[in-house]
There are 2 protein chains.
Amino acid sequence: MKAETDCAACPLRKFALFEALDENDEEATRRFKDGERRVDPGTILMHEGMVSEDFYTVLSGMGLRYKTTPDGKRQVINFVLPGDFIGLQSGLMSEMKHSVETTTRMHLCRFKRSSLLPFMRNNPGRAFDVTWLSAVEENLVAEALVSIGQQPAATRLAWALHRLYTRISAVGADLGPGRIPLPYTQQDMADALGLSLVHTNRILRLLQTDGMISWRDKVLTVHDERALANRAGMTADMQETIPRRPLI
Amino acid sequence: MKAETDCAACPLRKFALFEALDENDEEATRRFKDGERRVDPGTILMHEGMVSEDFYTVLSGMGLRYKTTPDGKRQVINFVLPGDFIGLQSGLMSEMKHSVETTTRMHLCRFKRSSLLPFMRNNPGRAFDVTWLSAVEENLVAEALVSIGQQPAATRLAWALHRLYTRISAVGADLGPGRIPLPYTQQDMADALGLSLVHTNRILRLLQTDGMISWRDKVLTVHDERALANRAGMTADMQETIPRRPLI
DNA sequence: CCCGGTCTTTAACATTTGATGTAGAGGGAT
DNA sequence: ATCCCTCTACATCAAATGTTAAAGACCGGG
């Protein structure tokens with residue numbers, strides 16, 4: 001049994017990405033917390049169609065959120081990173097509409113499904129934050145929709161890599177200048193972008209020979225962020241830092 | 001000046017789609033309400049990047065929620081139907097991340113941005129419902145992502161039409177057996193599905209000559225719902241009625 | 001140290017989808 | 001009625017992407 005992390009010492013709090021929390025809210029969140037959980041890579045945390053008795057905030061590690069089609073294809077909805085709140089759906093609707101799978105080892109902060117309503121009821125500020133997070137998620141998915149719906153493969157891939165670079169950097173997983181951990185496979189990327197594995201590999205190679213990135217041994221190195229953002233079809237004003245968001 | 005609609009007599013309440021509301025919550029919602037608004041077709045209710053001072057619940061009429069790319073393309077995120085709550089984003093994040101435009105005349109129930117936080121603070125049940133709605137929206141967008149990312153054009157189009165058929169039927173806009181109003185253009189559908197106008201038209205013709213639907217004069221007739229659902233790649237269990245949701 | 005996995009890379013070929021151009025139908029403003 | 005505009009319809013060709021197949025790289029287990 002490892003010692004549990006106290007909320008005040010939460011390893012995520014230090015990142016500028018997350019909104020500050022006042023004492024009352026912090027105390028309430030501490031009481032909402034039901035424990036912690038550590039899981040291996042490849043663990044299915046939640047399964048489409050099932051009811052999950054818990055939700056989690058990711059303390060460390062990465063994963064995937066995806067849906068599957070009746071004909072067996074998989075669409076990755078979003079990449080799960082530290083600070084993400086997962087499983088909210090099953091607390092609101094009756095069941096999960098997507099699955100969540102870990103890609104690396106993952107350390108989670110656990111909350112009970114049954115205590116969500118009282119938590120929100122007794123802590124309006126935190127209820128507001130939960131809604132906020134939900135809206136942030138919606139926006140991330142909508143952005144992916146735009147990318148997939150309107151952009152050619154090279155633009156999509158550049159966009160996805162740029163966004164991962166920005167998001168992962170913001171939770172402090174720097175490995176040096178322009179280097180971040182990226183534990184996903186090309187198949188994962190393909191499923192996120194709605195491309196075939198082969199085509200994804202083609203385009204990836206292109207971006208690498210162009211010298212703007214390299215991606216080896218689960219480490220992504222961005223050599224020229226400006227060029228990457230450019231390929232991603234982003235204008236200057238879209239490259240601002242990610243807006244701050246609450247942490248549950 | 002038309003008389004305003006009282007919440008108790010809200011034309012939407014009668015539909016089974018929406019959750020019942022207790023007296024306290026209804027009263028609170030009535031106080032939250034700031035008035036009504038009627039707008040013409042083609043009105044841009046909210047604009048990407050702008051802060052909206054109001055949000056709305058759609059009482060009647062249809063519209064589109066979309067994002068645009070720097071190169072001028074448009075991705076329709078979702079179709080806006082009666083009962084939808086729009087503009088939540090600008091109450092949470094600083095600004096709207098998408099635009100909302102009316103397609104038909106629209107009748108709206110208006111709320112003030114500044115009163116969202118107090119409203120949620122004083123009415124935990126309603127705060128829960130707002131979050132719920134946000135999660136429902138997220139799921140709709142995620143489903144679109146799956147369709148666009150993984151399915152060929154015919155499947156996507158069949159899926160979109162089937163979903164519109166189900167959603168629009170649920171808010172009572174029946175015009176007879178299998179007939180619903182569908183005021184959108186083929187370009188709107190193309191922008192929602194990530195297809196070119198020409199290709200959308202091709203596929204649409206196909207579905208029509210196959211006899212499963214017809215779509216003329218802004219009216220969609222579904223002749224064979226089973227066949228349409230089939231083409232949409234849906235299994236039997238996905239054709240259940242839409243889950244109930246709250247109404248603000 | 002070999003074996004059987006998974007992941008990446010490449011090639012050749014098939015298919016879907018997009019781009020462009022043209023035409024006609026319908027609706028609203030003048 | 002006429003003009004202008006949007007929307008639908010259809011053909012042709014070009015480009016983007018998918019499919020299938022195969023081989024090499026890497027890794028952990030026996």
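These numbers come from the heavy atoms of this one structure, side chains and all, not from hydrogens, waters or symmetry mates. In what follows, chains are A, B, ... by sequence order, proteins preceding strands, each numbered from 1. Bear in mind that the values here come from a model prediction, so they are computed numbers and not experimental data.
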Item to complete: Could you tell me whether the side chain of Lys97(B) reaches within less than 4.5 Å of the side chain of Met93(B), counting heavy atoms only?
Response: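 Counting from C-beta outward, Met93(B) and Lys97(B) do come under 4.5 Å.
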Item to complete: Could I get the full list of ring-ring contact (aromatic ring centres under 6.0 Å, His included) partners for Phe79(A), not counting sequence neighbours?
Response: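 Residues passing ring-ring contact (aromatic ring centres under 6.0 Å, His included) with Phe79(A): Tyr184(A).
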Practice prompt. Within residues 199-214 of chain A, find the residues that approach DNA chain C with a heavy atom at under 4.0 Å, and present them sorted by residue number.
Written response: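 Within this stretch, Asn201(A), Arg202(A), Arg205(A) sit under 4.0 Å of the strand.
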Practice prompt. Answer yes or no: is there a donor N or O on one side and an acceptor on the other, between the side chain of Thr200(B) and the main chain of Gln187(B), under 3.5 Å?
Written response: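 Judged by distance alone, no pair lies under 3.5 Å.
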Worksheet entry | Donor-acceptor under 3.5 Å (Lys73(B) side chain, Gln150(A) main chain) |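 Confirmed, Lys73(B) side chain pairs with Gln150(A) backbone.
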How would you list, by chain and number, every residue that makes a side chain to side chain contact (heavy atoms under 4.5 Å, CB included) with [X], sequence neighbours excluded?
| X | result |
| --- | --- |
| Ala160(A) | Met189(A), Leu193(A) |
| Asn78(A) | Arg65(A), Glu137(A), Leu140(A), Arg163(A), Arg167(A) |
| Pro70(B) | Thr235(A), Met238(A) |
| Pro11(A) | Thr5(A) |

Discussion item. Suppose we screen for salt bridge (Lys or Arg N to Asp or Glu O under 4.0 Å). Which residues come up paired with Arg245(B), at least two apart in sequence or across chains?
Written reply: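 Result, salt bridge (Lys or Arg N to Asp or Glu O under 4.0 Å) vs Arg245(B): Asp84(B).
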Worksheet item: By side-chain hydrogen bond (donor to acceptor under 3.5 Å, both in side chains), which residues pair with Arg179(B), not counting sequence neighbours?
Response: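 With neighbours one apart ignored, the set is empty.
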Worksheet entry | Lys NZ or Arg CZ of Arg110(A) over Tyr56(A) ring: under 6.0 Å, within 45° |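 Not satisfied by the 6.0 Å and 45° rule.
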Worksheet item: Between which nucleotides of DNA chain C, read 5' to 3', does contact with chain B run, using atoms under 4.0 Å from its heavy atoms?
Response: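 Using the under 4.0 Å cut-off, the span is dT17(C) to dT20(C).
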Worksheet item: Which residue pairs pass the ring pair (Phe, Tyr, Trp, His ring centres under 6.0 Å) test with at least one member in residues 212-235 of chain A, sequence neighbours excluded?
Response: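 Residue pairs passing ring pair (Phe, Tyr, Trp, His ring centres under 6.0 Å), neighbours aside: none found.
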Discussion item. At 10 degrees resolution, what angle do the end axes of the helix from dC1(C)-dG30(D) to dT30(C)-dA1(D) form when each is taken over five base pairs?
Written reply: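 It comes to 40° between the two terminal axes.
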Discussion item. For DNA chain D, which residues of residues 184-198 of chain B approach it to below 4.0 angstrom with any heavy atom?
Written reply: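 Residues of residues 184-198 of chain B under 4.0 Å from DNA chain D: Thr185(B), Gln186(B), Leu197(B), Val198(B).
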